[in-house]
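Heads up: the structure comes next, in structure tokens.
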Amino acid sequence: MARYNSKTSEQKWQARWEAAQAFLAKPDPARKKYYVLEMFPYPSGRIHMGHVRNYTMGDIVARYKRARGYNVLHPMGWDAFGMPAENAARERGVHPAIWTHENIATMRGQLKAMGLSIDWTRELATCDAQYYGHEQRMFLDFLEQGLVYRKESSVNWDPVDDTVLANEQVIDGRGWRSGALVEQRMLTQWFFKITAYADDLLKSLDTLERWPEKVRLMQSNWIGRSEGMRIRFTISGPQAKSLPGGGELEVYTTRHDTIFGMSFCAISADHPIALELAAKNPAIADFCKQCRDIGGTAEAVERAEKLGFDTGLKVQHPFISGRETPIYIANFVLMGYGTGAIFGCPAHDQRDLDFARKYGLPVLPVVAPADAEAPDIVNDAYTDHLNGRLINSEFLNGMSVAEAKAEISKRLQTANAGEPAITYRLRDWGVSRQRYWGCPIPVIHCDTCGVVPVPKDQLPVTLPHDVSFEAPGNPLSHHPTWKHTPCPKCAKPAVRETDTFDTFVDSSWYFARFCSPHADTPINRQEVDYWMPVDQYIGGVEHAILHLLYSRFYTRAMQQTGYARDSEPFSGLFTQGMVTHETYKDANGAWLFPEQVVKQPGGAVHKDTGAQVLVGKIESMSKSKRNVVDPEHIIAQYGADTARWFVVSDTPPERDIEWTESGVEGAWRFTQRVWRLVDESLDKLPPPKQPERLKEFAAPGISSVLVDVPEITDEAVLALRRATHRTIRLITEDIEQFLFNRAVARIYELANSISAFTQLSANPAGADFALREALETMVILAAPFMPHLAEECWTALGHTTMLVHIGWPVENPAVSKEDTMSITIQVNGKRRGELVMERGDWSEEYYREQAMALDAVIRHLEGKQPKKIVVVPMRIVNVVV
RNA sequence: GCCCGCUUGGCGGAAUCGGUAGACGCAAGGGACUUAAAAUCCCUCGGUCGUAAGGCUGUGCCGGUUCGAGUCCGGCAGCGGGCACCA
């Protein structure tokens with residue numbers, strides 16, 4: 001018996017699939033489409049286990065859907081712009097383009113070795129002008145539609161990467177990539193008007209039924225809708241008229257019910273009034289500067305005291321004649337949210353209370369708990385807005401918070417002093433990056449004409465190849481000639497925009513480009529309309545907000561500019577867990593690679609020195625901790641099928657999976673076992689039926705892809721057939737629901753049943769047909785997971801049509817139907833026995849009689865009469881005494 | 001601080017409709033085959049009492065609903081994730 005040789009076999013089948021163009025996707029309106037997409041990789045150098053897991057899952061779905069008769073689109077490309085290429089250029093003197101394309105070549109080879117069912121003719125890289133030129137064109141269309149604007153604003157500046165970051169890219173006050181503390185700078189930047197869709201992006205989350213609840217919730221929190229009011233207070237004094245706002249201060253609040261508890265107003269250090277005052281008063285200017293310098297890190301915010309500066313200005317209370325409250329500039333008020341101004345009600349807001357205590361401002365409770373006259377406020381504000389009742393509030397007294405809000409709203413609107421307002425936490429997406437390796441923003445700055453879009457017939461604006469990375473900052477702006485160009489309008493000398501797009505722009509529409517990757521327009525509507533939306537998108541949960549929210553926005557912008565029919569890009573989303581591994585350190589505390597470590601009964605030792613190794617926590621694979629396993633080595637040693645099988649075994653796909661050597665060996669043993677089961681049975685099998693090549697959807701009814709089995713009476717043979725057909729049903733359900741670990745277990749079970757069957761000494765009539773049916777089923781069902789081995793087995797079983805062209809088997813319910821059922825018998829809810837009964841529609845009386853006749857039941861009744869006997873047909877009988 | 005999720009053998013995990021807890025795999029132990037090793041095959045494998053038959057106990061902790069709870073409800077603890085001076 002020959003052992004299965006994964007290396008030769010995998011290469012052979014990959015070549016045959018390619019020769020047959022088995023995965024080429026063509027639009028066909030007569031067929032139902034299915035678009036499977038995994039998040040495309042950044043070409044960092046080599047693929048890692050996370051890629052293997054991600055792309056294996058996508059490939060399982062793609063191969064399964066293809067076998068079910070869907071017209072499947074399963075493409076692959078490269079998220080090829082970004083900082084690491086520039087860092088490589090700085091550190092090693094390699095040009096970003098060369099570095100990137102070399103990495104792509106390596107990683108493409110590695111992905112191909114995985115045997116993925118990808119249509120490689122659609123491959124794209126975002127760093128190619130054939131891609132980003134279309135992006136520039138869409139940007140100009142967005143600009144025309146008012147979806148893009150340019151403004152000076154305070155931005156997050158990453159001092160290590162020397163560039164601006166979007167809010168979404170700042171985590172705990174640090175750059176998401178560099179980890180450097182982010183600074184605030186004033187810069188003129190391009191923004192995508194994502195807030196224009198805030199409400200739609202939020203509401204439409206409800207329609208994304210095949211998205212994880214967790215991701216929808218995260219996006220919902222990120223968008224952060226709140227309902228409140230804008231209220232305009234009149235600023236006292238004759239000089240007020242000359243202030244920005246013309247004598248009025250507009251605040252945003254969600255607790256207008258507490259207006260009788262107002263004891264101060266506060267404005268941001270960046271509020272127009274604050275800026276105006278600062279211009280005339282150095283003390284105020286100093287204070288404002290101090291506020292801005294605190295920074296936005298979590299720790300800074302935690303530590304920072306509430307600081308305020310009394311402007312001397314006062315506002316008039318809208319409902320209490322003659323009552324005035326001071327306006328402070330305060331460090332905890334953000335210009336970017338609401339109106340950049342608030343009214344403070346210390347009794348019912350913790351920040352306001354901290355502030356009031358510090359500056360000795362009045363604390364007047366205006367909402368009381370249901371069970372008390374007034375809330376007891378010492379250090380904690382009373383913030384319950386559901387159960388409270390209004391007090392100390394004149395016409396509001398006795399009302400609930402909701403009633404009071406409605407009343408205040410009505411009165412303020414009548415007085416034209418305010419109106420309901422909805423505010424979002426979401427900010428517009430700043431897309432300008434001061435970097436070379438990105439898509440140039442296609443505009444020209446002219447002293448005479450201002451900002452002039454590059455005419456569309458002059459696109460693409462390509463990156464210059466000859467750049468220097470010697471100096472810090474943006475190589476594009478240092479380039480001697482590139483930015484100089486005549487103004488398209490007036491032909492006078494002008495300069496190009498040297499900022500490039502955030503790379504998240506590139507990844508916000510690649511899924512659409514895949515539908516018509518060679519079109520000379522950004523997309524071909526007919527093809528996009530056929531393939532989009534992506535039916536199943538798969539990737540890491542770390543993109544729950546950034547990439548997934550940007551893509552949802554961008555698709556809406558494409559819809560508005562006529563590039564797309566739909567507003568949602570991904571109708572199904574699955575977020576897979578990470579691949580983890582134990583960490584190892586030597587006696588000096590240096591991290592060790594897993595291949596340097598040998599596990600022994602007494603512990604782990606160094607492979608070469610024999611020195612003791614400290615086994616640390618199980619953590620997600622990372623180069624810095626060296627707890628990485630190179631997929632290429634695994635594929636070379638065990639084969640792609642083994643690696644694929646392992647990464648979906650045992651652990652549910654959404655959870656983190658631990659990579660273990662023994663686990664991989666287990667997976668490898670199973671691939672050999674499948675081959676052996678087939679190989680050792682070959683001489684016992686009847687000839688195969690050659691099923692037709694897959695053309696249509698698998699028709700419901702009796703499977704046409706499996707061998708036809710004659711009428712059988714032997715119980716062991718029937719049991720094997722039952723197991724076979726039951727497994728078809730279960731695995732189909734499992735794959736549909738992304739329960740790959742369970743599907744793997746079902747295949748093990750079927751293999752166990754086949755093993756046991758082949759070891760029977762008797763050889764009843766029909767056994768050979770049932771065995772062929774079981775083996776063929778196992779092979780077809782395992783094919784999405786282990787496609788090369790499955791092809792090899794399929795051929796060995798005598799088939800001449802490749803398995804990629806064979807449809808999915810269909811369960812025959814007449815075969816899988818069980819004749820008997822086992823009924824659990826309980827006494828007082830405890831299991832005391834089991835009844836094996838013929839399947840049927842028995843009366844409750846019959847169940848009772850059968851149960852009461854059991855020895856175990858009689859024994860546990862101890863002579864007593866049952867009070868009650870609960871019968872659940874087909875399942876359980878519970879005798880209660 | 002606010003929001004969300006999770007907690008089952010030595011380990012990954014099954015049991016998703018309230019109805020046999022521990023499928024399947026890994027690890028471990030025992031055995032067969034072999035000159036030996038590898039490979040393969042067979043057996044055991046939550047805890048506990050018992051020679052056995054068979055009990056008792058057991059799904060983070062406390063309580064509740066129910067004939068019956070890993071599953072539902074209330075409370076608590078631990079772990080993980082998201083957001084965070086958002087008015």
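Lettering of chains follows the sequences in order, A, B, ..., and the numbering in each one begins at 1.
- The residues A:Asp349 and A:Arg255 are annotated as not salt-bridged, no charged nitrogen and carboxylate oxygen being separated by less than 4.0 angstrom.
- Near RNA chain B, defined here as any heavy-atom distance below 4.0 Å, the residues from residues 661-672 of chain A are A:Ser662, A:Gly666, A:Arg669, listed numerically.
- Remark: the backbone N or O of A:Gly577 is paired with a side-chain donor or acceptor of A:Arg53 at under 3.5 angstrom.
- Following rounding to the nearest Å, A:Asn741 (CG) and B:rC26 (P) show an atom-to-atom distance of 15 Å.
- At a non-hydrogen distance threshold of 4.0 Å, A:Asp650, A:Thr651, A:Pro652, A:Arg655 from residues 641-655 of chain A come into contact with RNA chain B.
- B:rC67 and B:rA77 have their P atoms separated by 32 Å, with the value rounded to a whole Å.
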Expected rows: protein N/O vs nucleotides 19-21 of chain B N/O, under 3.5 Å:
from   : atom 1 : to       : atom 2 : distance (Å)
B:rG19 : N2     : A:Gln826 : OE1    : 3.3
B:rU20 : O4'    : A:Thr824 : OG1    : 2.8
B:rU20 : O2     : A:Arg831 : NE     : 3.4
B:rU20 : O2     : A:Arg831 : NH2    : 3.1
B:rU20 : N3     : A:Glu834 : OE2    : 3.4
B:rU20 : O4     : A:Ser822 : OG     : 2.8

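- Scanning atom types as modelled, no donor and acceptor separated by under 3.5 angstrom connect the side chain of A:Lys867 and the base of B:rC67.
- B:rC45 and B:rC11 have their C1' atoms separated by 13 Å, given to the nearest Å.
- The distance between atom CG of A:Asn828 and atom P of B:rG68, rounded to the nearest whole Å, is 8 Å.
- Between the C1' atoms of B:rU8 and B:rG55, the separation comes to 23 Å (whole Å).
- Under the Watson-Crick or G-U wobble criterion, with both distances below 3.5 Å, B:rG80 is paired with B:rC4.
- Base pairing of B:rG18: no nucleotide in any strand meets the Watson-Crick or G-U wobble criterion (both distances under 3.5 Å).
- For A:Asn752, a side-chain nitrogen or oxygen approaches OP1 or OP2 of B:rG25 to under 4.0 Å.
- If you take atom P in B:rA21 and the same atom in B:rU59, they sit 12 Å apart, rounded to whole Å.
- Between B:rC6 and B:rC86, the two C1' atoms lie 29 Å apart (nearest whole Å).
- For the C1' atoms, the distance linking B:rU48 with B:rC43 amounts to 23 Å, nearest Å.
- Taking 4.0 angstrom as the limit, A:Arg832 places a side-chain polar atom (N or O) nearer than this to OP1 or OP2 of B:rC56.
- None of A:Leu549, A:Leu208, A:Leu201, A:Leu426 except one satisfies the side chain to side chain contact (heavy atoms under 4.5 Å, CB included) rule with A:Gln219; the exception is A:Leu549.
- Side-chain N/O atoms of A:Asn627 and A:Thr583 include no donor and acceptor closer than 3.5 Å.
- Phosphate proximity of B:rC41 to A:Arg676: present, with a side-chain N or O under 4.0 Å from OP1 or OP2.
- One finds the CD1 atom of A:Ile747 at 6.5 Å from the CE atom of A:Met786 (value rounded to the nearest 0.5 Å).
- The side chain of A:Tyr337 sits closest to B:rC86 out of B:rA14, B:rC24, B:rC86.
- Looking at A:His543, its side chain never comes within 3.5 Å of a backbone N or O of A:Thr575 through a donor-acceptor pair.
- Around NE2 of A:His385, the count of heavy atoms belonging to other residues, nucleotides or ligands within 6.0 Å does not exceed 12.
- The backbone N or O of A:Thr254 lies less than 3.5 Å from no partner atom in the side chain of A:Glu227, so there is not a single donor-acceptor pair.
- Going from atom OH of A:Tyr4 over to atom P of B:rU40 covers 17 Å, rounded to whole Å.
- With a 3.5 Å ceiling on both atom-pair distances, B:rU65 lacks any Watson-Crick or G-U wobble partner.
- Comparing B:rC24, B:rA87, B:rC4 by their closest approach to the side chain of A:Tyr748 singles out B:rC24.
- Distance CZ (A:Phe332) to C1' (B:rC85): 8 Å, rounded to an integer number of Å.
- Checking B:rG58 for Watson-Crick or G-U wobble geometry (two distances, each under 3.5 Å) identifies no partner in any strand.
- Summarising the geometry, the separation between CG on A:Asp656 and C1' on B:rC79 is reported as 13 Å, rounded to the nearest angstrom.
- Rounded to whole Å, the separation between the P atoms of B:rC72 and B:rU20 comes to 15 Å.
- Counting to the nearest Å, the C1' atom of B:rC83 and the CZ atom of A:Arg225 are 19 Å from each other.
- If you check B:rG25 for Watson-Crick or wobble pairing at under 3.5 angstrom, you find it paired to B:rC11.
- Of the candidates B:rU40, B:rA39, B:rG13, the closest approach to any side-chain atom of A:Arg3 belongs to B:rA39.
- For the pair A:Thr339 and A:Val880, both in contact range of RNA chain B, the more 5′-proximal nearest nucleotide belongs to A:Val880.
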Check the interface with nucleotides 57-60 of chain B: list each N/O to N/O pair with the protein under 3.5 Å, or write none.
none

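- Atom-to-atom, CD1 of A:Ile259 to P of B:rA87 comes out at 17 Å; the value is rounded to the nearest Å.
- Distance from the side chain of A:Arg351 is smallest for B:rC86 among the nucleotides B:rC67, B:rG54, B:rC86.
- For the segment residues 341-349 of chain A, the set of residues with a heavy atom within less than 4.0 Å of an atom of RNA chain B comprises A:Ile342, in numerical order.
- Closest approach to the A:Lys868 side chain among B:rC83, B:rC24, B:rC67 is made by B:rC67 (side chain taken as heavy atoms from C-beta onward).
- For A:Arg425 and B:rA84, the shortest distance from a side-chain N or O to OP1 or OP2 is below 4.0 Å.
- Annotation: side chain to side chain donor-acceptor pair (under 3.5 Å) contacts of A:Lys358 (sequence neighbours excluded): A:Glu305.
- A centroid separation of less than 6.0 Å is found between the aromatic rings of A:Phe260 and A:His317.
- Residue contacts for A:Val333: at a heavy-atom cut-off of 4.0 Å it reaches a base atom on one of the strands shown.
- With both ends at atom P, the span from B:rC73 to B:rG18 equals 11 Å, rounded to whole Å.
- If you check distances only, the side chain of A:Arg427 does reach the base of B:rC86 with a donor-acceptor pair under 3.5 Å.
- When each of B:rA23, B:rC4, B:rA14 is scored by its nearest atom to the side-chain atoms of A:Ala745, the top-ranked nucleotide is B:rA23.
- Distance from the side chain of A:Ser226 is smallest to B:rA87 among B:rA87, B:rC83, B:rG13.
- A salt bridge between A:Arg232 and A:Glu419 is present, with a side-chain N of the basic residue lying under 4.0 Å from a carboxylate O of the acidic one.
- For the pair A:Leu353 CG and B:rG1 P, the computed distance is 17 Å after rounding to whole Å.
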After noting the C-alpha distance and the side-chain angles of A:Trp659 and A:Phe646, does the key distance pass the ring pair (Phe, Tyr, Trp, His ring centres under 6.0 Å) rule?
-> CA-CA 9 Å; A:Trp659 184 276; A:Phe646 176 79; 4.6 Å; yes
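- Using N1 to N3 plus N6-O4 or O6-N4 for Watson-Crick, or N1-O2 and O6-N3 for G-U wobble, each under 3.5 Å, B:rA38 pairs with nothing.
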